[in-house]
Amino acid sequence: MTTSTKPPSSQPRLHQKGAVIQEFGTVKQFPLGLSYDARMYSCQRLNKVLADTQILYGLYKKHHWLLRGATFYQLHLLLDKHAGEQLALVDTLAERVQTLGGVAVGDPRHVAEITSIPRPPDGVEEVPAMLSRLLQAHETILTQAHDAAARAAELGDDGTNDLLVSQVIRTGELQAWFLAEHLVDTPLVRA
């Protein structure tokens, strides 16, 4: 009996398909000391904050690229810095959902379906409108984060509460402060 052995191929096996092994909106069991209800609630709320944070990140990048006027350089740098901080939050939020046994929202089309942040115009807005749009998005996320953090604490999910309070809320509040101060109408000082 002879067996023919074919040498391994370095050709990638492209166009593979696979079954969905966990549906979005479900949680699998992990030994975390948290109830199913607590983990399910936290995953649902975290995915909402995650979707809105991904949109906020996109708004920051859009406005960073499209700024105009005398404050261009200063705001260009600030918005890029804020975008980077939001991107870090995106990863942290997604990893928390996964840690709880859930499925993090990641596809931009899915994000667009569940976000509550309004879509901006495709064109360029005036700088105060851009900053106001960013502030509105921050307020949406902060309102959700405060509510979700309080409920997560009630359910005993200290990790989600800590993430929302120490990272999402604190980062969002600081960024909102920096943006809002650019919208103050300060009089010119005349000598």
Side-chain angles (χ1 to χ4, degrees), residues 18-64 78-120 131 133-181:
V20 172
I21 60 173
Q22 185 180 354
E23 294 289 335
F24 181 80
T26 65
V27 292
K28 58 187 174 183
Q29 186 60 46
F30 279 147
L32 302 176
L34 289 171
S35 71
Y36 170 85
D37 290 339
R39 291 181 306 107
M40 180 62 91
Y41 175 82
S42 290
C43 285
Q44 289 169 344
R45 293 304 299 270
L46 287 167
N47 267 323
K48 185 79 171 104
V49 172
L50 174 57
D52 288 343
T53 302
Q54 290 180 66
I55 296 297
L56 178 58
Y57 165 76
L59 285 175
Y60 265 115
K61 289 308 285 189
K62 177 184 181 189
H63 297 333
H64 160 79
L78 178 67
L79 298 189
D80 200 38
K81 177 183 180 291
H82 284 192
E85 293 166 354
Q86 289 299 316
L87 186 57
L89 286 176
V90 165
D91 196 52
T92 302
L93 287 161
E95 288 178 354
R96 181 65 186 166
V97 171
Q98 295 301 127
T99 299
L100 292 170
V103 177
V105 61
D107 185 292
R109 295 162 295 194
H110 191 188
V111 168
E113 291 172 3
I114 65 175
T115 187
S116 52
I117 296 175
R119 182 178 174 164
L131 298 181
R133 186 173 300 287
L134 290 168
L135 284 168
Q136 289 168 343
H138 272 295
E139 187 169 30
T140 296
I141 293 169
L142 288 167
T143 299
Q144 288 179 34
H146 282 289
D147 183 62
R151 182 71 180 124
E154 289 172 11
L155 292 169
D157 186 353
D158 300 323
T160 296
N161 172 275
D162 178 60
L163 165 61
L164 291 169
V165 172
S166 68
Q167 295 184 52
V168 174
I169 292 171
R170 289 197 178 130
T171 299
E173 288 175 344
L174 188 63
Q175 289 182 349
W177 172 46
F178 274 82
L179 293 174
E181 292 300 332

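The figures that follow rest on heavy atoms only: side chains count, while hydrogens, waters and symmetry mates do not. Predicted, not measured: the structure shown is a model, and the values here were computed from it. The residues of the chain are indexed from 1 along the displayed sequence.
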Is there a donor-acceptor pair under 3.5 Å between the side chain of [X] and the backbone N or O of [Y]?
X    : Y    : value
Q175 : L134 : no
N47  : V105 : yes
Q144 : A148 : no
T115 : V111 : no

Taking all heavy atoms of [X] and all of [Y], pick out the closest pair and write down the distance.
X    : Y    : value
S116 : T140 : OG-CG2, 3.5 Å
E23  : V20  : OE2-CG1, 3.7 Å
L32  : T99  : CD1-O, 3.1 Å
L100 : R39  : O-NH1, 2.9 Å
Y60  : A83  : CB-CB, 3.7 Å

Can you tell me how far the [atom1] atom of [X] sits from the [atom2] atom of [Y], to the nearest 0.5 Å?
X    : Y    : atom1 : atom2 : result
F178 : L135 : CZ    : CG    : 13.0 Å
H82  : T171 : NE2   : OG1   : 9.5 Å
L50  : R45  : CG    : CZ    : 13.5 Å
L179 : R133 : CG    : CZ    : 13.5 Å
F24  : Q44  : CZ    : CD    : 8.5 Å
L46  : Q98  : CG    : CD    : 11.0 Å

Report the C-alpha distance between I169 and H146 in whole Å, list the side-chain angles of each, state the deciding distance to 0.1 Å, and finish with yes or no for side chain to side chain contact (heavy atoms under 4.5 Å, CB included). CA-CA 7 Å; I169 292 171; H146 282 289; 3.6 Å; yes
How about I117 and I141: do any of their side-chain heavy atoms sit closer than 4.5 Å?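 Sidechains of I141 and I117: in contact.
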Would you say that L59 contacts P120 through its side chain, given a criterion of any heavy-atom pair below 4.5 Å between the two side chains?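 With C-beta onward as the side chain, the pair touches.
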List the residues meeting side-chain hydrogen bond (donor to acceptor under 3.5 Å, both in side chains) with T53, not counting sequence neighbours, and say none if there are none.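 Residues passing side-chain hydrogen bond (donor to acceptor under 3.5 Å, both in side chains) with T53: none at all.
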Contacts of D80 that satisfy side-chain hydrogen bond (donor to acceptor under 3.5 Å, both in side chains) - sequence neighbours left out: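 Residues passing side-chain hydrogen bond (donor to acceptor under 3.5 Å, both in side chains) with D80: K61.
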Decide yes or no on salt bridge (charged side-chain N to carboxylate O under 4.0 Å, His left out) for E113 and R109, but give the supporting numbers first. CA-CA 7 Å; E113 291 172 3; R109 295 162 295 194; over 6 Å; no
Count the heavy atoms belonging to other residues, nucleotides or ligands that lie under 6.0 Å from CD of Q22, then report whether that count exceeds 12.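 Buried by this count: over 12 neighbours within 6.0 Å.
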Donor-acceptor contacts, no H, no angles, side chain residues 159-168, under 3.5 Å, sequence neighbours left out:
from : atom 1 : to   : atom 2 : distance (Å)
T160 : OG1    : R96  : NE     : 3.1
T160 : OG1    : D157 : OD1    : 3.2
T160 : OG1    : D157 : OD2    : 2.6
N161 : ND2    : A149 : O      : 2.9
D162 : OD1    : S166 : OG     : 3.4
S166 : OG     : D162 : O      : 2.6

Please determine whether side chain to side chain contact (heavy atoms under 4.5 Å, CB included) holds for the pair Q86 and H138, giving the CA-CA distance in whole Å, both sets of side-chain angles, and the decisive distance to 0.1 Å. CA-CA 11 Å; Q86 289 299 316; H138 272 295; 3.7 Å; yes
NZ or CZ of R151 within 45° of Y41 ring axis and under 6.0 Å: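 Satisfied, under 6.0 Å and within 45°.
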